[in-house]
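Only one structure is covered here, and it is reproduced in the block below.
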Amino acid sequence: MAEDNTSPSSAKVAQASPIKANTYTNSAAYSTCPDPPVEKLQRAYRHEMDGKVVLVSFKEFMDFFMSEPDIPPLPEHFAASLGLESIPVKPESAMYPPLMEKLNTAGFAPGYRFVATPHRSDPNDSSGLRVDGGMYLDKEYPEDGQHTSWSRIELLIECKTGDVTGDPFDDTMESGEPNSDERRKVLGQVMSYACRVFKRQHRTHQFTLMMLGSSARIIRWDRSGVVATKKFNYMEEPEKLVGFIWVLARLPAEKRGIDPTVTRVEKNSEDWQLMQDRSKQKRLLGGKFAVQEHAREAFKASLNNSELWKIRVDAQPPSDGSESETVITSRYFLVGEPTFMSDGLSGRGTRGYVAIDLSDPEGPFVFLKDVWRVDHVGIRKEGEILGYLNGRDVQNIPTKICDGDVDPLSPQTTVSQKIWKKKHPGDEDKCPLKTHTHYRLVVREIGLPMDQFENGRELIYLVSKCIGAHRGAYLQGIIHRDISCGNVLIGVKEYVDAKGNFKRERDDMSDVPRQQNRTGTWQFLSVNVLRDPKKKVTVEDELESFFHLVLYYAIRYLPHNCSDVAGWMYGYFDGFTYMDEEYFGGKAKSDTISSGVLDAGGKPLKFYTSPPREGFPEPPAHPINQYFRQQLLAFQAYNTLYRVDHDMIQPAAPNLDSTTEGSNEDSEGERSAADWFSSFTSGQETTPNEPTTLTDAEREVLEMRCEILRDHRSMIIHYGHIWKLLAKPPLHEKIADQMSKDYRPDKDAKKPKVPKSKKDSKTGESVLEPSPESRTGLPSTSASGPTVPRIPNVSQTGRGMSQGASGAMKTRKKRGALHDGEPFEAPPSAKRSASGA
């Protein structure tokens, strides 16, 4: 390999939510279920499609999607000659052979073959899902003609015997969505098949044919929603079903949903050989030092049992109003399997790849992000934000190489929302479907997952650097709004110093901040954001999200006294409450912030320097306990102020053009951790708070407790104090992941212990019995101290749930967001913005 005397920054797999692992098969149903059962996924999928169904007539469907002037018309009497009326409708297994035989009639769909695959799943896919049948290119259909191939299928065909009970849609409902549980399960089922196609192929949209006894529907899925025909009787009107397939088999690839900017890398081709070589050969710096080894290993893993692809990125310069903005430079990248892929069908559909840049094939690996961005007025592209921050020297964020909408002269934009608006004239501004445009971003760094922190001390340091990156962006007028373990990475800096010594340093790297109406990751949202669907996200909310981030890793990888980690995490991170058709934060997280106590089954959660063992003395307490105590004290006080004032205290909004203090203060990227923390020990920024219903003395007590929340600098200083505590003695306390890999919230017999509770006299809801001091979140005071009023604990929603509000309230477990995870686009059930936009 060629030598490289630059100073590359290395890294590895980007993950997008707390429950994402580093393979595309893992889903986002729960923070405690890295690979949820199929029925859970299908339930999540159908919730995700709530409000996003559009039903149209067969003619409208054909006019919208299948219009192509050069296709010859269906010959007269051809549809009738196929004899579809002879296909048995029961049992289901009897439908497959004659259906496929008739669809394979010579001359009907030239170049394609219809195959029944009801019994064997795709051997290259771990989901175990299989569809009843499908249409494949002649040269690409399954070799044995019996198993589903998600990476090659063109048209999904699913058969049901009942034209009502098996129907995933309902023509009688204005929403088009069925009410019965059985039919809703079918919707989740067919959505799960479409999801597999989107995961294994590069598509803009996908078609499904539903056979419902003697009836049928045709469905088109994209990242915005779903459009389906109203049900028709194919035995009485065979020209509809036959006419659809006749046109589909003759449409150009783009209209069938194939992305023309991505091509397969064929085995033994020049590109294929380059990928094999790069996966095996170490890249050397200074002729002898191997760099980016974690990236090479990730790239090597992505080639196993995977389709290989060449992806085009249409790089566009920043818009400056000049003619140069129309200049497009196409660059090509080689990738294997995504190292990260968000779950779900509607939404951003984010994929992340470790890639070879063909403009420098022997150079550093890079990271390519493929996403269907929300394309609404006022929402900036991620690359635009990243380039802006790179230009302002904001540290610890990725370095943009290139970005752009896919095929910008003919953008790949979703269509479902347009059909919804056509069907709802006058209500266009109420459309629940978002417009998504296909977009790609390439960055230099490839980050290690944060779970590879070495010990508690490094965890505190790395998260403090995240806060520093957040601060740098905030001072340039940008707030992240999606703090999660998928959006923070460990950057690895590798270089040769002036003395010729090879250096490898680990540092934080935060993902690019999100657009204003970006929805955050449910598990890490602050309590106040979870309470109020319309709340604007503030710095204090983000600082609380960083607290939840530290807790997420500590409970999994540091010794403690909690005996059921998965159950505890399920309650704390995935919990939610439901009232009046709206989702709010879970009880466990809310009680923790309100009481200022982390509960571990009726006793305070306590971390140790080594794992406790039965029959042995309790291990020494871990210094990180002080971090959690002081953080909770601050958030408890702040939470009380928020509840009293009903308005978040925050620093004044910064000027976008500001180049004052902090804009490039963190340029000491390679200073020691000690230097990093010491750089924040003077000149703290403060913003006065305006008292409202509290007396000055009462407010002073609370404000003193939440002093570290006033600004980023104060919080980083606090992290620095904890970092120093963790140095004595040096700890090597990190242990293997304590979260059960096969935990199933609905089936696991081992339930998390709960603290002593009592019944709320008005709602009957079980609530924690807090200590006298924690009931209000205010400190107990002596006779000589200020008298602090007892403020009743406001309900989880801030809308009187614990005050006997009307409407049934249920306590459930909030499933993780299928995003974007991003990080993700939204908690599918909630569908609301953390920013309230």
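All values below were derived from every heavy atom in this structure, side-chain atoms included, with hydrogens, water molecules and symmetry-related copies excluded. Residues take their numbers from the sequence shown, with the count starting at 1.
In this view, Pro611 and Pro559, Ile735 satisfy the side-chain contact (heavy atoms from CB on, under 4.5 Å) rule, not counting sequence neighbours. Residues forming a side chain to side chain donor-acceptor pair (under 3.5 Å) with His548 (at least two apart in sequence, or on another chain): Glu544, Tyr572. By the salt bridge (charged side-chain N to carboxylate O under 4.0 Å, His left out) test, Glu700 is found to be paired with no residue, residues two or more places apart in sequence or in another chain being considered. Scored by the salt bridge (charged side-chain N to carboxylate O under 4.0 Å, His left out) test, Glu733 finds no partners at all (sequence neighbours excluded). Remark: Tyr608 engages Glu618 in a side chain to side chain donor-acceptor pair (under 3.5 Å) (not counting sequence neighbours). Partners of Phe635 by ring pair (Phe, Tyr, Trp, His ring centres under 6.0 Å), not counting sequence neighbours, listed by chain and number: Phe547. In this view, Gln630 and His718 satisfy the side chain to side chain donor-acceptor pair (under 3.5 Å) rule, not counting sequence neighbours. Under the rule for a side-chain contact (heavy atoms from CB on, under 4.5 Å), the partners of Ala727 that lie at least two apart in sequence or sit in another chain are Arg457. Partners of Lys734 by salt bridge (charged side-chain N to carboxylate O under 4.0 Å, His left out), not counting sequence neighbours: none found.
When side chains are defined from C-beta on, Cys466 does not count as touching Asn396, because their heavy atoms never get closer than 4.5 Å. Looking at Pro612 and Asn561, their side chains never come closer than 4.5 Å, going by heavy atoms from C-beta outward. Looking at Met450 and Cys485, their side chains never come closer than 4.5 Å, going by heavy atoms from C-beta outward. With a 4.5 Å cut-off on side-chain heavy atoms, Gln631 and Met715 count as touching. No side-chain heavy atom of Gln636 sits under 4.5 Å from any side-chain heavy atom of Asn639. Using a 4.5 Å heavy-atom cutoff, the side chains of Ile479 and His470 are in contact. Using a 4.5 Å heavy-atom threshold, the side chains of Glu540 and Arg710 count as separate. Side-chain atoms of Val597 and Leu632, non-hydrogen and from C-beta on, never get closer than 4.5 Å to each other.
Atom CG of Leu641 and atom CG of Leu702 lie 4.5 Å apart (nearest 0.5 Å). Atom CD1 of Ile624 and atom CG of Leu558 lie 5.5 Å apart (nearest 0.5 Å). Going from atom CG of Asn528 over to atom CG of Leu525 covers 11.5 Å, rounded to the nearest 0.5 Å. With values rounded to the nearest 0.5 angstrom, Lys589 atom NZ is found 12.5 Å from Ser594 atom OG. Rounding to the nearest 0.5 Å gives a distance of 11.0 Å between NE2 of His560 and CG of Leu598. Here the CD-CG distance, from Glu707 to Leu633, works out to 12.5 Å after rounding to the nearest 0.5 Å.
Side-chain contact, Tyr461 with Tyr719: no donor N or O sits under 3.5 Å from an acceptor N or O. Counted by atom type alone, Gln476 and Arg392 present one or more donor-acceptor pairs between their side chains at under 3.5 Å. One side chain, Thr538 or Asp541, offers a donor N or O that lies under 3.5 Å from an acceptor on the other.
The minimum heavy-atom distance between Pro623 and Leu726, with the atom names listed, is CB-CD2, 3.5 Å. Minimum interatomic distance between Asp574 and Trp522 (heavy atoms only, all atoms of both residues): O-NE1, 4.1 Å. When all heavy atoms are compared, the tightest approach of Phe628 to Ala554 is CZ-CB, 3.8 Å. Closest non-hydrogen pair, Asn487 versus Asp482, comes out as ND2-O, 2.8 Å. Between Val565 and Ile555 the shortest heavy-atom distance is CG1-O, 3.7 Å. The heavy-atom pair separating Ala588 from Gly571 by the smallest distance is CB-O, 3.5 Å.
Using a distance-only test at 3.5 Å, with no hydrogens or angles considered, a donor-acceptor pair links the side chain of Glu542 to the main chain of Arg481. In this structure, Gln395 contributes its side chain and Asp393 its backbone to a donor-acceptor pair below 3.5 Å. Formation of a donor-acceptor pair under 3.5 Å by the Thr577 side chain with backbone atoms of Gly585 is found in this model. In this structure, Ser595 contributes its side chain and Asp591 its backbone to a donor-acceptor pair below 3.5 Å. Thr521 contributes no side-chain N or O that, together with a main-chain N or O of Phe524, makes up a donor-acceptor pair within less than 3.5 Å. Listed for the Lys535 side chain is no donor-acceptor partner under 3.5 Å among the backbone atoms of Asp532. Ser545 places no side-chain N or O within 3.5 Å of a backbone atom of Ile483 that could act as its donor or acceptor partner.
In this structure, Glu382 pairs ionically with Lys369, as a charged nitrogen and a carboxylate oxygen lie closer than 4.0 Å.
Between Trp568 and Phe573, the angle of the ring planes goes over 60°, which puts this pair in the perpendicular group of the 30/60° scheme.
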>> Could you go through Tyr627 and His721, starting from their C-alpha distance and side-chain angles, then the distance that decides it, and tell me whether this counts as side-chain contact (heavy atoms from CB on, under 4.5 Å)?
In response: CA-CA 9 Å; Tyr627 165 84; His721 292 326; over 6 Å; no

>> Working note: Thr592 + Asp599, criterion side-chain contact (heavy atoms from CB on, under 4.5 Å); need CA distance, chi angles, decisive distance, verdict.
In response: CA-CA 7 Å; Thr592 296; Asp599 181 86; 5.9 Å; no

>> Run the side-chain contact (heavy atoms from CB on, under 4.5 Å) test on Ile478 and Leu389 for me, step by step, so that the C-alpha distance in whole Å, both residues' side-chain angles and the decisive distance to 0.1 Å come before the verdict.
In response: CA-CA 9 Å; Ile478 295 172; Leu389 296 177; 4.0 Å; yes

> Does the side-chain contact (heavy atoms from CB on, under 4.5 Å) test come out yes or no for Glu454 and His732, once each step is laid out?
Replying inline: CA-CA 8 Å; Glu454 293 180 348; His732 305 283; over 6 Å; no

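The six-membered or imidazole ring of Phe584 lies away from that of Phe576, with a centre-to-centre distance of 6.0 Å or more.
Cation-pi check for Arg531 over Tyr642 is not met; the charged atom does not lie both under 6.0 angstrom from the ring centroid and within 45 degrees of its normal.
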